[in-house]
Amino acid sequence: MSPLPVSPPHDPHDPSRTAPAGRESEYRRLHHALDRCAAGAGSVIVLHGSVGSGRSDLLYAFTDTAAERGVQVLVGTGSPLEREFPLGLARQLLQGADLAPEEAATAEALLAEGAASGTVPAPSDRPAGRLTQRVLEGLFRLVRGLAERAPVLIAVDDRQDADPQSLEFLLYLVRRTRGTGVLTVLSSRETMTPAHPLFEVELARQPHHQHIRLDLLGTELVAEVLRTRLGAAAAERHAAEAHALTGGNPLLVHSLVADQERAGSPGTLVVGEGYRRGLMHCLHRIDPLALHYARGVAVLGTGATPDLLAELLLLAPDALPRALYLLHAAGLFRDGGFRHPTAAGDLLAAMRPLELAALHQRAGRLLRAAGATAATVDGHARVAEGHLRSSLGPAPAAEAGDPGAALPEFGGGAGAWEVPGPGSVTAEEAAAEDEDEVADEVAEEVAEEGAGATGGFGPVPDHALQLWSGRAPAGPAVECVPTLPGTVTDADTALRHELKRLRHHFWHGRIDEGTAALARFEAVPGQAVHTEPLRHWLAYWYPALLPNPARRTGPHDGATADRGDGMRLLAALLAGAVSPEDAVVHAELVLRAGRLGGVRTESLTAALTVLLYADRADRATHWCAPLAERAGARCGAHWNALLAALRAEAALRQGDLRSADEAGRAAFAHVRPEAWGVAVGLPLATMAAARTALGLHQDAAHFLELATPAGLEHTPAGLHHRYALAGHRLALGRAEQALADYRACGDTMARWGVDHLPAIAPWRLGAARAQLALGRPGSAAALADQQLARLGPVGHPRIRGLALRIRAAAGGPAERTELLERAVGLLEEAGAESELSAALGELSEAHQHDGDPGRARRADRRVRRTPALAVVPVRPPAPAPSPVSLLPTSPLPTSLLSVPPLPVAGRPLPVAAPVPEGTAGGLSEAEGRVAELAARGLSNRDIARKLYITVSTVEQHLTRVYRKLGARRRVDLARLLGPVPPGTADGTPPRPAFPRRADLVAG
């Protein structure tokens, strides 16, 4: 390797090589390391600093000058959103490398192998998720090959948010680059606890390791910044005050200077919008516990004792000093409080009114107990009441006979706040609650809920606050609220309330609080026996949190199913203690008993979930109708909402997209998304998947972008949500992103120990579809074969049929016909109409290829008879039962197309040009696509091949297009359709702006 000439000393005031203000010393240290790298001596440098310390500015200024010197710069940035993508950061680094074509192919293969290593069971001698020696050594050789041609700079920003596999690769790399021309610079933000402590320790042990800490700017450096941007007079006049306001935090210093530039020269230091935004930016990027501490100080003031703050925030007292240190180290605090008097108000203004009201209410109660003056306590009470009034609208009039009609936004009716999903309680139990007791419990819940909130999802239900503030009558249907000490005398009632309180924590994603509360409850002698049903419930909703009780009891004998305990059956299915075939039998026993009454709704919803996860969506659909008739007005809104969500998911799996859409809308008509808890991921995923299948990608993106509660990713609902996101990305042509999402689903299922149930989320089949879209039939076939091998000899007809369909598309022509015939039989048995119609279309083409036109025509006739392709008149949308809905308003197309055929091996996947959802002449979306391609001169067969539909379907669409537009010939279409509005770069219509909740109306 020819050494790079050592550069002369850099002039810090040279515009092309200027370091960020106040960072000249650190900048020189980095360039010295780069000079040593050019001479063949590698090193690793850690840039460490608090939030707003300018780490990113320094790092990117350094990479720019390094690139000017001829260094190969590989840049990557960690992100919390990509932390679960194996080797995601490593992929960023290598995408910027100057690799030869064969090297790029090797890199892609190694990255794919490494990313897949965490989605399959690891050997017993290697921890799960770890990279193999082959992948590590291969990636290292690629970097070393780059270093042999020119010095290499690897720059990683926000390293604390990198995925573990990329950190493992970086550690492997730095151990071997001491004698090579590779300089590694890792930037990380200071936090309460390092995300990867072992990485920190191993990195510090390297002999060529350097640590550069970016401290806050002193008064002299702040004056230098002011002198450079505002002039010497302003620097002399304002330097001391600017340092006092910012603490030397570079981000705040530059924000404050920007305020002065906008204000002109008023003679006094202006604290404007720039400073306040910069401060909020720092506070919301700092460690979450430090932000929580800052909110406590904003409510209580700087005079609050540590014990009072810890009690207000529900934190351990030993966590406070570290949080306070981070706030001081970042220059955000001085002497235990904010540096500017408006900061506390700005921070609290960023909170939701309901959370803030609960925080002030709890603060007033604690101050009263601590002996504070009546004026102080009353002040907190007035503030809490003011925030409540600002967030609650006028209560609507109740209808006769509806005890919950005063709460229409949550669906009304009995059970309006019961826990939905497997684990909800019956309306009869809720109605047994005493009204006064309920009001007291809600008041206590408001206080504790809000005090522990850190900007989460829907922490305090609106109607609970209405009850507390006296704005609505206390209804008898409140669930999952804690018991106020001394208000309940019956031991059984108190026990039931305490168990509901435990479940409430988990339902709203507060995993740490729930786990701690459960441990405290079970620590009482004799109490552990009462938590067995809760542990079975948690075995479903949080599979990796606690050991599944069914794993201890051994094989399931069906006795519990005879007693109507569907939740135990669901836990046993997840644990593998009962086969899917036996689980279906026992689940139907539970549902049959449910029609006669006497079975808890928790058991019924769990039994329906068993049918879905055992790949019998047809049986789930069969049972949903009688259960809905039984429920009616007797059960709560959440029970009806969850039943609608399960009905929607079953319809989606059968290919009945219209029913899936209608049932999904009904789920949100019963209960607003804020009240769904972590279960909201299920109906959102179903609606997104249905809209994706219909080609309504804007609506699908809307559902996937809606805010979800913390902890969702730890639940099956979060798994469904991630799987729907992968399908949406694949439909948009983003196959690489979809493949990463599918692999993440597989990693989650393997970690939870539920990979033996592919019907939960058939990630291997999704990944195989993505591989086909990327032109990798070999990888797709391997995934399909792996799925078939894991299914066993019986059961799972839908999954087996889908796998055979993918195997046929990825295999050779000789075996394609046989595989598709088997797939058609299985999909017909499973009742998967959309997939069946697509498989029949592919079978018709296979028969044509085999020279058997007669069998091809018979298959084509079966396609036309399939309900998924039938023309169904559009029904007018049902009137919205609630004035608020999150549903998009796009109408369903009049013709529901089947699932598009898979790209056959060796044949690229075409991407159809986008057609707007409101084509001229009242055409449906499908008709508009066909009409546009016909106007461009494509033949019927070409259109069928491009859109993955049959020729007869094209002819039917064109017949209706000619009739609607009054056209006689193909050439008339171009004139009648007019220009097509351009789409986005990825071929989809432009995405709408995120709507406000008040603007959303039911479709």
Side-chain angles (χ1 to χ4, degrees), residues 12-13 15 18-24 49-58 60-61 189 214-286 290-291 293-303 324 326-351 353 356 383 455:
H13 299 291
T18 299
R23 300 303 183 199
E24 290 79 8
S50 60
V51 61
S53 59
R55 293 172 294 103
S56 299
D57 291 342
L58 177 61
Y60 289 117
R189 184 175 68 249
L214 302 186
D215 295 317
L216 299 178
L217 305 180
T219 306
E220 298 80 5
L221 292 177
V222 172
E224 182 63 29
V225 174
L226 268 63
R227 186 177 301 109
T228 302
R229 296 181 58 177
L230 302 178
E236 183 177 357
R237 186 167 57 248
H238 300 314
E241 187 180 359
H243 185 270
L245 281 172
T246 63
N249 183 296
L251 189 150
L252 295 182
V253 171
H254 288 285
S255 299
L256 189 63
V257 171
D259 284 337
Q260 313 316 306
E261 292 174 337
R262 284 190 291 268
S265 302
T268 58
L269 195 65
V270 176
V271 178
E273 189 66 20
Y275 172 83
R276 298 167 73 175
R277 284 183 178 274
L279 180 59
M280 292 303 106
H281 178 78
C282 290
L283 285 169
H284 286 90
R285 288 192 63 223
I286 204 169
L291 171 61
Y293 182 95
R295 285 172 171 165
V297 172
V299 170
L300 292 177
T302 57
L324 189 59
L326 290 178
L327 291 165
H328 280 86
L332 309 180
F333 265 36
R334 179 180 59 186
D335 299 330
F338 295 97
R339 291 179 174 269
H340 193 269
T342 64
D346 290 340
L347 180 59
L348 295 180
M351 296 178 63
L356 190 53
V383 172

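Each residue takes its place number in the sequence, starting with 1.
Atoms CZ and CZ, on R189 and R55 in that order, are 6.5 Å from each other to the nearest 0.5 Å. Here R227 contributes atom CZ and L221 contributes atom CG; the two are 10.0 Å apart, rounded to the nearest 0.5 Å. Rounded to the nearest 0.5 Å, atoms OH (Y275) and OG1 (T342) are 7.0 Å apart. Between atom CD of residue E261 and atom CG of residue L256 there is a gap of 10.5 Å, rounded to the nearest 0.5 Å.
Between L230 and V257, some side-chain heavy-atom pair lies under the 4.5 Å cut-off. At a threshold of 4.5 Å between non-hydrogen side-chain atoms, the residues L279 and D346 do not count as touching. The shortest side-chain heavy-atom distance between L347 and H284 falls under the 4.5 Å cut-off. The closest side-chain heavy-atom distance from S50 to L216 is below 4.5 Å. Side-chain atoms of P250 and R23, non-hydrogen and from C-beta on, do get closer than 4.5 Å to each other.
A donor-acceptor pair is defined here as one N or O able to donate and one able to accept, closer than 3.5 Å; no such pair exists between the side chain of H243 and the backbone of E220. Between the Q260 side chain and the V270 main chain, a donor and an acceptor come within less than 3.5 Å of each other. For H238 (side chain) and A234 (main-chain N/O), no donor-acceptor pair under 3.5 Å exists by modelled atom type. D259 places a side-chain N or O within donor-acceptor distance of the main-chain N or O of G274, the cut-off being under 3.5 Å. Checking side-chain atoms of N249 against main-chain N and O of V51 turns up a donor-acceptor pair under 3.5 Å.
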Point to revise | Test side chain to side chain contact (heavy atoms under 4.5 Å, CB included) applied to V299 and V383, step by step | key: CA-CA 10 Å; V299 170; V383 172; over 6 Å; no
Exercise for review: Verify side chain to side chain contact (heavy atoms under 4.5 Å, CB included) between L332 and R339, making sure each step is shown before the conclusion.
Suggested key: CA-CA 7 Å; L332 309 180; R339 291 179 174 269; over 6 Å; no
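Crowding of R262 atom CZ: a count of heavy atoms from other residues, nucleotides or ligands under 6.0 Å exceeding 12. Open room surrounds CD on E236; 12 or fewer heavy atoms of other groups in view lie less than 6.0 Å from it.
Taking all atoms of both residues into account, the shortest heavy-atom contact from H328 to D335 is NE2-N, 3.3 Å. Shown here for G278 and S255, the closest heavy-atom pair between the two residues is CA-OG, 4.0 Å. Heavy atoms only, all atoms of each residue included: C282 and L251 are closest at SG-CD2, 4.0 Å. Minimum interatomic distance between G337 and V297 (heavy atoms only, all atoms of both residues): CA-CG1, 4.5 Å. Across V222 and A242, no two heavy atoms sit closer than the pair CG1-CB, 4.0 Å. Pairing each heavy atom of L283 with each of A294, the nearest pair is CD2-CB, 4.2 Å.
Counting only N and O atoms by type, the side chains of H340 and R276 include no donor and acceptor under 3.5 Å apart.
Note on ring orientation: taking the six-membered ring where Trp is involved, the planes of F333 and Y293 are tilted (angle from 30° to 60°).
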